[in-house]
Amino acid sequence: MSSKFSGLALATESTARMPIINPMTAQPIRDADGNDAYIEIAYAQCAVGAAHDRAVIDKRMRIMASGGRYSQEMVDADANEKLAKLTRGWRLIGLDGQAIPIDCSEANARELYREPTLGWVRDQVVLFSVNLGNFQAAASTA
């Protein structure tokens with residue numbers, strides 16, 4: 001559907017490959033053949049991400065209306081759930097350059113993002129997923 005503002009619209013439903021950067025060297029993690037480790041991620045405010053955010057707001061309102069407390073653990077779990085929903089694929093390579101042969105699934109992504117020792121990976125995904133510029137096709141120079 002077109003609107004009078006369609007000239008301002010950007011594609012928000014695409015995905016992009018985020019190279020996983022080693023936090024100690026600030027270099028992309030690669031295997032012995034030079035293949036980059038990456039996570040294929042969708043934009044944080046794509047349809048799935050926006051629907052997740054609305055559901056979380058509704059949940060928070062229900063909890064608070066019943067006199068409950070929305071804890072930090074709940075905040076973290078909801079954020080990890082959103083990242084799991086946004087994750088569409090990956091090639092995982094350890095810091096030692098060895099492949100980590102784990103299939104990309106929502107369940108495995110959820111586990112990855114909640115692992116305390118992998119907060120650095122989660123942080124990279126969060127920062128990448130909220131930058132709409134990461135999801136736009138390069139402009140043609142022709």
Side-chain angles (χ1 to χ4, degrees), residues 1 3 5-142:
M1 184 165 117
S3 82
F5 303 110
S6 61
L8 294 170
L10 292 172
T12 60
E13 296 303 315
S14 62
T15 63
R17 284 188 175 178
M18 179 202 82
I20 303 173
I21 305 298
N22 182 321
M24 307 312 284
T25 65
Q27 297 298 313
I29 297 173
R30 294 189 173 101
D31 64 16
D33 295 326
N35 298 308
D36 285 343
Y38 67 83
I39 297 177
E40 182 87 15
I41 194 86
Y43 175 53
Q45 289 306 308
C46 69
V48 168
H52 175 83
D53 290 345
R54 286 189 301 275
V56 167
I57 290 169
D58 290 346
K59 180 172 94 173
R60 287 180 188 174
M61 290 173 62
R62 281 192 308 277
I63 291 169
M64 294 172 68
S66 67
R69 180 176 163 271
Y70 189 71
S71 68
Q72 184 60 48
E73 290 80 16
M74 295 167 122
V75 170
D76 293 344
D78 286 335
N80 290 342
E81 183 66 24
K82 180 176 182 176
L83 293 178
K85 290 176 181 178
L86 296 176
T87 300
R88 305 294 166 79
W90 61 34
R91 176 186 297 137
L92 300 178
I93 299 169
L95 295 173
D96 61 0
Q98 296 299 308
I100 301 174
I102 297 173
D103 290 335
C104 181
S105 68
E106 198 170 303
N108 283 338
R110 189 178 301 112
E111 188 175 345
L112 172 74
Y113 298 131
R114 78 170 167 237
E115 174 62 44
T117 61
L118 298 176
W120 64 272
V121 174
R122 183 185 180 284
D123 291 346
Q124 287 182 34
V125 172
V126 168
L127 291 173
F128 189 89
S129 70
V130 299
N131 183 344
L132 184 56
N134 290 326
F135 301 91
Q136 301 305 309
S140 173
T141 57

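Everything numeric here is computed off the predicted structure, so don't read it as measured data.
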Give a yes or no on whether the backbone of [Y] and the side-chain of [X] come within a donor-acceptor separation of less than 3.5 Å.
{"X": "Q27", "Y": "N22", "result": "no"}
{"X": "H52", "Y": "L83", "result": "no"}
{"X": "W120", "Y": "M24", "result": "no"}
{"X": "D33", "Y": "N35", "result": "no"}
{"X": "N134", "Y": "F128", "result": "yes"}
{"X": "Q45", "Y": "T12", "result": "no"}
{"X": "S14", "Y": "F135", "result": "yes"}

[Y] and [X], any side-chain heavy atoms less than 4.5 Å apart:
{"X": "I39", "Y": "L112", "answer": "yes"}
{"X": "T87", "Y": "N108", "answer": "no"}
{"X": "K82", "Y": "V56", "answer": "no"}
{"X": "K59", "Y": "I63", "answer": "yes"}

Handout entry: Carboxylate-amine/guanidinium proximity below 4.0 Å for E81 and R110
Key =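 A salt bridge links E81 with R110.
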Problem - R17 bridged to D36 by N-O distance under 4.0 Å - result: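 Between D36 and R17 there is no salt bridge, as every charged N stays at least 4.0 Å from the carboxylate O atoms.
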Closest non-hydrogen atom pair between [X] and [Y], with its separation:
{"X": "Y70", "Y": "V75", "value": "CE2-CG2, 3.2 Å"}
{"X": "A26", "Y": "I21", "value": "C-CG2, 3.5 Å"}
{"X": "S129", "Y": "V126", "value": "OG-O, 3.0 Å"}
{"X": "L86", "Y": "C46", "value": "CD2-SG, 3.7 Å"}

Working to the nearest 0.5 angstrom, can you tell me the gap between [X] [atom1] and [Y] [atom2]?
{"X": "D78", "Y": "D53", "atom1": "CG", "atom2": "CG", "result": "9.5 Å"}
{"X": "I93", "Y": "D31", "atom1": "CD1", "atom2": "CG", "result": "4.0 Å"}
{"X": "N131", "Y": "Q136", "atom1": "CG", "atom2": "CD", "result": "10.0 Å"}
{"X": "R69", "Y": "M74", "atom1": "CZ", "atom2": "CE", "result": "9.0 Å"}
{"X": "R122", "Y": "L118", "atom1": "CZ", "atom2": "CG", "result": "11.5 Å"}
{"X": "E40", "Y": "T15", "atom1": "CD", "atom2": "OG1", "result": "3.5 Å"}

Handout entry: Test side-chain contact (heavy atoms from CB on, under 4.5 Å) applied to W90 and I102, step by step
Key = CA-CA 9 Å; W90 61 34; I102 297 173; 4.2 Å; yes
